[in-house]
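Note sheet for the following structure.
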Amino acid sequence: EKLKSFNQKQRSVFNEVLDINVQHSELVLPEKLYGKVGAWFRLPGDTSEDQAVTRVQNQVVVTITNKLTLESTIFNSLRALKPVPSLDPAADADTEEWIDKNRLNNTCDFCHPEDLTASEQWGRVRGRSCCSAANIARGGPCHGLLIFRKHHPLDFGFEEIEDILETFSKWISATNKQLGEADRHNKPPLFATLLWNCMPKAGASQPHGHAQMLLSSAPMAKLQVLRRAAQDYNEHNTGLGTRKDYFQDWVQCHRDVGLVRSIHEGTKTADIVVTLTPLKEREMLVVASAGHDNSSSAVGVANSAMARGLCVALRTLVDQCNTRAFNVAVYSPTDHTPLIARVVDRGPLAGPSDVASFELFGTPLVAADPYQVVNKLDEFLNIEKGTGGSCVLT
């Protein structure tokens with residue numbers, strides 16, 4: 001509304017700096033979920049649960065991006081009303097009891113996803129170990145969930161991770177198809193992101209294992225920064241018969257100082273990189289290796305080597321570092337970035353917040369030495385090798 005009153009000069013300056021994208025998002029709620037939605041999303045003045053149901057089924061999402069700094073924020077007021085865990089483990093020792101209690105007292109909606117989660121208008125996709133749902137408080141018109149069949153958030157191995165990526169790929173294809181049929185004149189979104197928050201300390205709204213999926217016409221802000229940096233590096237250092245690739249050089253820098261382990265799965269390879277500039281404790285990146293297809297293909301996420309590398313990184317944290325809360329992001333390939341996964345440890349469940357002014361406004365301040373992390377990675381891989389695990393390491 002404010003923009004409508006701008007004069008030409010004000011509008012010109014605003015458009016040079018900021019971009020505003022207003023999108024409408026619709027989803028389908030099963031009738032068994034109406035009562036809960038009516039309680040969760042009820043506003044003062046509502047006279048029936050139908051108003052809350054309609055509010056959730058038809059949402060408005062606003063994304064504002066600074067074109068110069070690439071800072072970007074998604075706004076949806078319904079996010080303030082979404083359900084949060086009613087239980088919280090007091091200490092790491094209570095974790096198993098807390099997770100089981102949520103399952104056994106029948107308060108876990110994600111144990112019954114077909115009946116107690118929303119779906120996209122086109123339906124759901126299903127894998128061997130997970131199925132899709134629509135996120136009930138949207139971050140965009142294409143914002144889904146992957147709900148794991150196993151309730152325990154730490155009960156996963158290679159088969160589950162591989163299926164998560166394969167089902168994510170099927171969700172991308174189904175969403176793109178629906179968008180293409182709805183609007184044949186506009187190019188479908190090409191940038192896909194999977195975000196996995198494990199446990200409330202890492203931002204999970206439910207203990208039951210699940211991940212979020214987003215599809216958009218522009219990369220998410222963190223990926224856009226990486227993409228621009230890679231593009232600038234490649235263009236600046238290419239010429240006179242040479243061609244540089246930022247990610248190949250970045251991985252090589254870490255390989256030269258002993259912080260890369262390469263995982264081979266069939267003909268594919270993924271590099272697990274214990275980064276020298278971690279965002280938070282024990283960050284590892286899993287990068288599809290040289291020869292990746294940087295074709296802006298959002299469906300190029302079902303990669304067996306990536307699944308194996310991501311599984312190794314996560315099991316190293318859980319099994320060797322006693323991690324109970326973690327965050328994962330998987331970014332689909334773009335024209336300047338390969339398939340990437342980022343993994344970060346979020347610290348003890350009962351500890352204080354691990355995000356403060358340093359992380360929000362300054363430079364991340366961490367305690368874990370990258371070489372301690374790579375030693376734990378080697379410990380896990382040695383155990384895998386000794387037990388007949390199928391990881392092939394170089």
- Nonpolar side-chain network containing I74, other nodes, edges under 4.5 Å: V61

- Message: Centroid separation under 6.0 Å, is that true for the rings of F148 and W196?
- Response: yes

- Task: Share the residues that join F110 in a hydrophobic cluster, the rule being Ile, Leu, Val, Met, Phe, Trp or Tyr side chains under 4.5 Å apart at the heavy-atom level.
- Result: L145, I147

- Message: I need the full list of salt bridge (charged side-chain N to carboxylate O under 4.0 Å, His left out) pairs touching residues 14-30, with sequence neighbours left out, sorted by first then second residue.
- Response: none

- Query: Mind checking what makes ring pair (Phe, Tyr, Trp, His ring centres under 6.0 Å) contact with Y331, not counting sequence neighbours?
  - Reply: none

Report, one line per pair, each donor and acceptor closer than 3.5 Å where one atom sits in a side chain of residues 340-348; sequence neighbours left out.
residue : atom : partner : partner atom : Å
R342    : NE   : E283    : OE2          : 2.7
R342    : NH2  : E283    : OE2          : 2.9
D345    : OD1  : G347    : N            : 2.8
D345    : OD2  : R282    : NH1          : 3.0
D345    : OD2  : T323    : OG1          : 3.0
R346    : NE   : D354    : OD1          : 3.3
R346    : NE   : D354    : OD2          : 2.8
R346    : NH1  : N327    : OD1          : 2.8
R346    : NH2  : D354    : OD1          : 2.8

- Do the side chains of I272 and Y371 join up, straight or via other hydrophobic residues, at under 4.5 Å, putting them in one cluster? yes

- Message: If you count every heavy atom of other residues, nucleotides or ligands that lies below 6.0 Å from E159 atom CD, does the total exceed 12?
- Response: no

- Query: K376 and C321: which non-hydrogen atoms are nearest, and at how many Å?
  - Reply: CG-SG, 3.7 Å

- Query: So does K222 have more than 12 non-hydrogen atoms from other groups sitting under 6.0 Å from NZ?
  - Reply: no

- Give every residue pair that meets the side-chain hydrogen bond (donor to acceptor under 3.5 Å, both in side chains) criterion with at least one member in residues 355-365, sequence neighbours excluded. K280-E359

- Query: What closest approach, in Å, do L276 and P370 show between heavy atoms, and which atom pair accounts for it?
  - Reply: CD2-CG, 4.4 Å

- Message: Please determine whether side-chain contact (heavy atoms from CB on, under 4.5 Å) holds for the pair V251 and C253, giving the CA-CA distance in whole Å, both sets of side-chain angles, and the decisive distance to 0.1 Å.
- Response: CA-CA 5 Å; V251 170; C253 288; over 6 Å; no

- Task: Please identify each residue that fulfils side-chain hydrogen bond (donor to acceptor under 3.5 Å, both in side chains) with T63, with sequence neighbours left out.
- Result: none

- Would you mind listing the cluster partners of L365? Hydrophobic ones only (ILVMFWY), side-chain contacts under 4.5 Å, chaining allowed. F358

Sequence neighbours excluded and cut-off under 3.5 Å, please list the side-chain donor-acceptor pairs for residues 27-39, or say none.
residue : atom : partner : partner atom : Å
K36     : NZ   : D109    : OD1          : 2.3
K36     : NZ   : D109    : OD2          : 3.4

- Task: For the pair R42 and D46, find out whether any cationic side-chain nitrogen is under 4.0 Å from an anionic carboxylate oxygen.
- Result: no

- In the hydrophobic clustering that connects Ile, Leu, Val, Met, Phe, Trp and Tyr at side-chain heavy-atom distances below 4.5 Å, which members other than V62 occupy its cluster, ordered by chain and number? L3, F6, F14, V17, L18, I20, V22, V60, I64, F75

- Query: Does any N or O in the side chain of T65 come within less than 3.5 Å of the main-chain N or O of K67, such that one atom is a donor and the other an acceptor?
  - Reply: no

- Kindly write out the residues that satisfy ring pair (Phe, Tyr, Trp, His ring centres under 6.0 Å) with Y233, not counting sequence neighbours, or none if the list is empty. Y246

- Message: Suppose the criterion is salt bridge (charged side-chain N to carboxylate O under 4.0 Å, His left out): which pairs have a residue in residues 130-154, not counting sequence neighbours?
- Response: E120-R138, K150-D155, K150-E160

- Query: Going by an N to O cut-off under 4.0 Å, is there a salt bridge joining R55 and E49?
  - Reply: no

